Amino acid sequence: MDIYAASDEVLPVAITIAVPTGFAIAIPPGYEAQLRARSGLALRHNIVLPNAPGTIDSDYRGEVKILMLNLGSEKYHIRRGDRIAQMVIAPVIQAMPTAVKVLPTTDRGEGGFGSTGRQ
Ligand SMILES: O=c1ccn([C@H]2C[C@H](O)[C@@H](COP(=O)(O)OP(=O)(O)OP(=O)(O)O)O2)c(=O)[nH]1
């Protein structure tokens with residue numbers, strides 16, 4: 001769902017600003033809200049959410065704020081009512097890791113960071 005700015009804000013270059021949204025939310029236990037950037041802001045204005053996806057915990061009762069970072073070369077003006085992010089409600093799996101001495105083997109093994117698909 002779309003998230004809107006609750007006030008006018010200026011995003012200086014290369015500084016993260018917490019932009020107010022004017023709302024709080026009570027998310028049921030076992031779920032969280034994830035805040036994501038808008039592709040249009042990223043593509044046209046180099047505005048990103050540095051912590052994306054921002055997490056709204058189910059026990060959080062404060063105002064939801066959108067952390068926004070201007071990676072462009074000029075300050076960017078947000079107007080009250082602008083769509084600045086999008087929010088998704090997602091289930092949270094409570095995992096309980098078990099310590100082992102050896103992991104099960106796989107074809108990949110310890111390869112990562114671009115190790116697959118090479119000619
Ligand atoms: O983009 C964000 C990220 C977080 N929050 C709020 C809701 C969230 O539940 C709370 C804490 O966020 P997070 O767990 O990511 O922060 P932390 O740095 O781990 O701090 P804390 O110790 O408060 O959990 O701050 C926002 O409003 N916007």
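Just so you know, ligand 1 is whichever comes first in the structure, and atom 1 is the first atom listed for that ligand. Throughout, numbering of the chain's residues begins at 1 and tracks the sequence. What you see is a predicted model, and the numbers here were worked out from it, not measured in a lab.
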Counting heavy atoms only, which of Ile56, Thr55, Asp57 is nearest atom 14 (O) of ligand 1? Asp57
Leu49 contact mode with ligand 1 (heavy-atom cut-off under 4.0 Å): neither
Tyr60 side chain reached by Thr55 side chain, heavy atoms, under 4.5 Å: no
For the residue pair Arg36 and Pro53, what are the closest heavy atoms and their distance? CG-CB, 4.4 Å
For the residue pair Asp82 and His77, what are the closest heavy atoms and their distance? OD2-O, 4.4 Å
Which ligand 1 atoms does Leu35 reach within 4.0 Å, using its non-hydrogen atoms? 1 (O), 2 (C), 28 (N)
Would you confirm whether any non-hydrogen atom of the protein falls under 4.0 Å from atom 27 (O) of ligand 1? yes
Can you tell if the side chain of Pro20 reaches within under 4.5 Å of the side chain of Glu9, non-hydrogen atoms only? yes
Any protein heavy atom under 4.0 Å from atom 22 (O) of ligand 1? no
Heavy atoms, side chains only, cut-off 4.5 Å: are Leu35 and Val64 in contact? yes
Starting from atom 2 (C) of ligand 1, locate the nearest protein heavy atom and write down its residue, its atom name and how far away it is, to 0.1 Å. Lys65 O, 3.5 Å
Could you pull out the closest heavy-atom pair between Gly72 and Asn46, with the gap in Å? N-CB, 3.5 Å
For ligand 1, which atoms sit closer than 4.0 Å to a heavy atom of Val64? 27 (O)
Taking side chain as C-beta onward, heavy atoms only, is Met68 less than 4.5 Å from Leu41? yes
Under 4.0 Å from atom 16 (O) of ligand 1, do we find at least one protein heavy atom? no
Nearest protein heavy-atom contact for atom 25 (O) of ligand 1: which residue, which atom, what distance? Tyr60 CE1, 4.0 Å
When distances are taken from atom 1 (O) of ligand 1, the protein heavy atom at minimum range is Asn51 ND2, 3.0 Å
